[in-house]
Amino acid sequence: MNESMTGAIVRQTEQIAALKVENETLSRQAERLIESEGKLCELKEEFDAQLNEYAALFAAQKEENEALSRQVKQLIKAEGRLYEFQERLDAQLKEYSELYGLNKTLNAISEYTGLYDLNKTLDAISDLPRIFAHAVAYATNNLGFERILFFQQTGSSGDYSVCASGGYYEKQEKESVMALSIPKESALLVALSYGEGYLVCTETNSRAVLSEYKPRLQMDEYLIYPLGSRVQPMCLLVVGNSEKNAHFYRRISESEATLLSIGNFAELLSSSLENKLNYARLKNALERESLAKIKYRSIFENSVEGIFQTSPDGSFLDCNLATAVILGYDSPEEIICGISDITHQLYVHPQRRTELFAMLLNRQDVKNFEVEFYRKDRSILWALLSVRPKFNEDGELVAIDGVLRDITEQRKLEEQLRQSQKMEVVGTLSGGLAHDFNNVLSGILGSASLLRMQIDRGKEFSREQLCTKLDVVIELCNRAADVVAQLMAISRKQEASLAPVDLRNVIKNIFYICRNTFDKSIDIAVNVPDEQIMINADSIQIEQALLNLCVNAGHAMTIMRKEGDTHGGELLISMERRFMDRHFHIYHPATAEDTEYWIVSVRDTGIGMDAKTVARIFDPFFTTKEKGRGTGLGLAMVYNIVQQHKGLIDVYSEPGIGTTFNVYLPALNSSATPSGDKDSDVIPMGEGLLLVVDDEPFIRQAAQSILEECGYKVLLAENGEVAVSRFREHSDEIRAVVMDMIMPKKSGLDAYIEIRQIRPDVRILFASGFMQDERIAALGEMGIREIINKPYSMRTLAEAVARILA
Amino acid sequence: MRTSVGVGYSVHRNPTEAGNEAALQALEQAGISRPDFVFVFATVGYNQQALIRSIREATSGAPLSGCSGEGIITRDTVIETNFGICVMVISSDELRFSNARVKGIGERSDIAGEYLANELDPLLAADCIACFLLADGLVFNFDSFLSGFNKVLDRESPLPLYGGLAADDWSSHKTYQYHNDEVFSEGISCVVMSGNGKVACGINHGCVPVGTRRVITRCKGNIIYEIDGITALEALKDYFPEDWQQHWNKTSLNLCLGFKTPEHIRSGYEDHIIRYMMGNNEQQGYVTIQSEIEDGMELWLVRRDKELITNGIQMISRQIAEQLDGMKPKFVLQFECVGRGKVVFRETEKIALVRTLQKNIGENIPWLGLYTYGEIGPVAGSNCLHNYTSVIVAVY
């Protein structure tokens with residue numbers, strides 16, 4: 001048991017010891033564990049710290065990667081932009097380089113041309129097409145637009161026409177655009193005239209007026225640049241693109257690049273073109289001036305008209321050969337040296353130069369001033385002067401430039417023309433007048449025969465009965481005298497002798513003649529105002545002119561009508577007074593402004609004339625009448641007469657309707673007294689012995705009766721010889737002589753010369769049926785002013801005698 | 001044995017005068033009056049029909065092929081405007097040229113490929129050297145075309161295809177192809193060159209990847225719908241400028257797509273084949289390229305690099321020089337991507353590059369080039385379409 005117990009104890013002791021060892025081991029392990037745990041904790045802390053550090057690093061790296069990625073993306077975008085910018089820069093550089101090339105080319109042309117150098121042979125005008133050609137080539141190939149047009153201002157209209165084009169490759173397109181022009185006043189260009197630098201019409205945005213030009217320019221978008229002045233450009237540059245091809249070309253826009261590009265080009269061209277055009281103009285101007293000098297020198301030297309310059313003091317400063325020839329000198333130098341006092345050396349009537357000078361000092365240009373000049377040999381010529389005054393800066397007259405024409409022959413011819421026209425009218429009227437005259441004579445003859453028969457039959461007449469019958473004869477005689485007076489007036493050769501005339505009397509005469517001579521199919525009407533119609537006129541000439549118009553009117557309504565047409569119509573002669581205002585004056589510059597005119601209208605309903613005929617009717621020898629019916633001088637004469645009266649004539653005519661002639665004659669104040677009219681009915685009386693000389697017994701007796709009635713005693717002589725003899729017998733008693741001009745044996749003038757030798761202070765009154773006879777003119781030169789027209793009335797004779805005795 | 005080649009160009013705005021001027025220059029340079037064949041490259045501002053008519057008249061109606069481009073290249077001259085034309089005339093008793101054309105390629109490029117192959121088949125002699133393709137760059141799907149083309153021709157070794165895709169003025173409006181008197185769009189103008197001659201070719205792009213690899217997650221044919229699970233446009237938008245919708249052409253120039261070069265052509269080429277995104281659909285968010293893709297294909301965003309392009313020109317020169325082995329080319333055709341012209345280089349840089357290339361390959365060699373919407377040239381015996389690439393074809 002002990003053993004068992006000992007054994008048990010031993011075993012227990014051994015177990016305890018083992019447990020103890022184990023416990024110690026455990027204790028040591030526990031200690032190591034605790035120690036390891038501590039170390040672990042330390043490691044964990046260290047690891048955590050490292051982990052945190054790596055996390056922070058990773059985050060930083062990630063952020064950097066993202067930043068880099070963003071930078072790469074930005075870099076790629078920037079690279080794209082860089083390439084784009086680079087491309088644009090190259091394009092622009094290319095353009096500038098090409099523009100520079102063009103500039104060099106244009107400058108080369110300038111150098112070759114030698115601007116302003118007249119010695120260069122190259123014609124500047126021909127260079128313009130070269131400039132345009134270069135510019136077109138440049139623009140077409142370099143500016144990037146499809147089409148280009150240059151318009152140049154041409155002609156007097158100032159419109160713009162295409163002068164060069166590029167980019168129109170189809171024949172039809174090109175032909176069409178080359179015919180294009182833009183009116184100067186076109187609405188298209190209005191904006192430029194208001195100062196806009198250019199006009200732009202884009203594909204989608206433009207003004208209506210710009211869009212309208214798209215089809216004409218054959219461009220769907222375009223830019224117009226003025227070249228030269230913006231407001232009034234000399235040329236227009238148009239660039240643009242067609243709708244079809246626009247996307248292949250630089251688009252039209254108002255972008256800075258586009259405007260800069262085209263603007264540079266336009267400026268360059270403007271400058272070049274302006275130089276060329278200015279040069280061309282200058283050259284042309286110089287050439288024109290040079291040519292003008294040559295031309296005017298040639299005209300001056302070779303002119304058949306005298307051209308001269310005189311000084312105000314009356315000497316010649318310069319003149320051409322024609323002046324010398326006209327004035328009868330051998331050379332211009334002879335005139336310049338030989339004439340120092342124009343007024344007295346040249347002028348037959350020095351007061352005419354005074355009149356002329358007055359107009360010149362009034363700064364008037366004087367045209368068609370008719371004047372009589374002495375030639376070198378003192379013969380007289382008629383000259384027509386047109387002169388213009390020249391003033392210096394101080395307003396002083398320094399010279400007179402003028403043109404001189406010898407119209408001596410012309411005046412003679414005009415006289416002949418007038419005379420022949422009168423004869424034409426006489427011829428026209430003679431039939432009717434003869435008829436009228438025969439009527440009068442029949443009346444006189446009838447009345448006188450009846451009276452004689454009644455006396456023969458022993459019929460007795462009371463004084464009143466006798467006077468009544470004689471009054472009939474007197475009236476008929478007066479009418480006959482009127483007829484003769486008309487004829488004489490018409491055929492008389494005369495100068496215009498202007499005096500106050502009442503046109504109503506003229507019209508009355510004309511009416512009388514027309515009524516008695518015109519075809520009865522013509523209704524004649526006269527519309528004359530009640531007031532006096534006073535004009536300053538030669539009544540005979542005016543009557544002749546107006547009668548001529550009436551005769552033409554009559555013909556237009558009768559003999560000039562076509563065969564088968566009804567003859568006849570209406571002739572209306574009317575008058576009205578009209579104030580010529582500025583408006584009228586503009587259309588009738590020959591009239592004096594602010595002046596009253598009497599307008600005599602002669603209107604017919606004849607065949608009328610077309611415009612072509614109207615344009616020529618005043619030409620001498622132009623006639624529409626049948627051969628033998630007209631000389632073609634009538635209206636030329638009318639025109640001259642009206643001009644001499646400072647009037648004008650116009651005509652309105654329509655074929656098939658009729659014609660109206662209006663004759664404008666300057667009105668005189670109606671208070672002027674018409675010549676020949678007297679207010680008083682009193683016949684001046686006188687006394688003393690008068691000698692009446694006339695080869696016509698009835699006239700001698702009539703004159704004797706009239707003068708005796710006026711209180712004079714009368715001696716009679718039937719011709720010049722008898723007259724001289726009678727005067728010698730009664731030279732101390734005879735107070736005056738009434739002398740006929742044309743008489744057999746000795747004319748009135750010859751007789752007067754002898755009588756004046758007997759008694760130089762004898763008073764004489766000539767009577768003549770030919771007032772414009774050359775002999776009458778001779779009387780004027782002898783200082784004899786009193787001449788009366790035969791037949792004369794009692795009043796006329798009495799007044800004339802009274803005047804010479806006064 | 002002689003081949004006379006001349007090149008002329010014109011920038012005249014009048015199409016008739018431009019065509020005539022370029023053709024006469026070319027004839028004068030070649031010293032001939034009637035060529036055997038005429039190549040024409042022109043830009044799109046001209047009335048194309050009038051242009052071709054004038055060339056045909058000037059070249060006595062010689063067979064003619066060509067197309068429009070964004071610009072033209074001749075010796076020492078680079079013209080990237082809407083008005084430039086260059087003409088190459090060839091007269092040879094050692095080289096023969098036959099041409100064909102196909103229209104309406106827009107709907108099915110594979111059928112067009114078959115059609116053209118059938119047209120070419122009788123023209124392909126044993127001494128056939130190369131085939132030049134000038135196709136409408138706005139509608140052309142190269143892979144689809146090639147499958148149809150190869151299906152018909154079924155040759156042991158593929159007919160080497162060179163050429164470019166016709167371009168316009170960046171408007172993506174219309175390109176033109178020329179075949180004798182015909183001017184048309186949505187077609188291919190094709191030239192087969194046969195005879196005693198060889199072709200030396202250099203191909204290089206100058207693009208570099210930007211960022212990491214991406215994956216096409218949804219696509220069909222030549223349309224990429226999704227990249228990395230989001231719409232293609234969404235994936236790319238951050239790289240686009242704000243107005244990218246209005247200027248898609250320029251936008252897609254600055255950022256294009258790079259795909260891993262297939263193994264079978266990797267030895268003769270760079271790491272990536274570049275693709276231009278010729279179209280997009282904002283609503284559906286997709287972009288289109290000129291070749292086919294598959295889901296899961298890896299892609300990189302790439303950008304042009306002027307330095308790489310410059311270095312690439314030297315590489316092309318070396319490639320061609322090696323092939324020429326001292327021979328002088330009879331003429332050179334250059335198909336240059338529009339993305340390597342004025343949109344990346346300054347005018348002076350661009351001309352300097354072209355001159356360097358021309359100098360390296362040989363002085364006084366008739367040179368005719370075109371800026372294209374796509375370039376065609378074989379790599380390691382396989383016909384390929386390239387973008388942002390220069391394909392230089394020297395015939396010797």
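Chain naming here is simple, since letters A, B, ... match the order of the sequence lines and numbering starts at 1 in each.
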Within 6.0 Å of [atom1] in [X], more than 12 heavy atoms from elsewhere:
{"X": "A:K73", "atom1": "NZ", "answer": "yes"}
{"X": "A:Q50", "atom1": "CD", "answer": "yes"}
{"X": "B:Y388", "atom1": "OH", "answer": "yes"}
{"X": "B:Q49", "atom1": "CD", "answer": "yes"}

Check: With under 30° as parallel and over 60° as perpendicular, where do the rings of A:Y249 and B:F83 fit, or are they tilted in between?
Finding: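 The arrangement is tilted - the two ring planes meet at 30° to 60°.
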Next item on the list: Using a cut-off of under 4.5 Å on heavy-atom pairs, state which of B:R304, B:E17, B:H173 scores highest against chain A.
Entry: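 The option with the most such pairs is B:R304.
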Notebook entry, point to check: Considering only heavy atoms, which portion of A:L89 lies under 4.5 Å from any heavy atom of chain B: side chain, backbone, both, or neither?
Noted result: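 The side chain, not the backbone.
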Check: Non-hydrogen atoms of chain A under 4.5 Å away: do they reach the side chain of B:Y46, the backbone, both or neither?
Finding: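 Contact with chain A involves no heavy atom of B:Y46 at all.
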Check: Considering only heavy atoms, which portion of B:N254 lies under 4.5 Å from any heavy atom of chain A: side chain, backbone, both, or neither?
Finding: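 Answer is both: backbone and side chain atoms of B:N254 are under 4.5 Å from chain A.
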Approximate separation, where rounding is to 0.5 Å, of [X] [atom1] and [Y] [atom2]:
{"X": "B:K342", "Y": "A:E87", "atom1": "NZ", "atom2": "CD", "value": "4.5 Å"}
{"X": "B:D238", "Y": "A:K77", "atom1": "CG", "atom2": "NZ", "value": "6.5 Å"}
{"X": "B:R13", "Y": "A:N245", "atom1": "CZ", "atom2": "CG", "value": "12.0 Å"}

Notebook entry, point to check: Does the side chain of A:Y169 reach to within under 4.5 Å of the side chain of B:N47, using non-hydrogen atoms?
Noted result: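 Side-chain contact under 4.5 Å: no.
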Next item on the list: Could you check which of A:R81, A:K244, A:E79, A:H247 has the highest count of heavy-atom pairs closer than 4.5 Å to chain B?
Entry: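 Of the candidates given, the most pairs with chain B belong to A:E79.
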Checklist line | Non-hydrogen atoms of A:F248 and B:N82 that approach each other most closely | finding: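 Where A:F248 meets B:N82 most closely, the heavy atoms are O-ND2, 2.5 Å.
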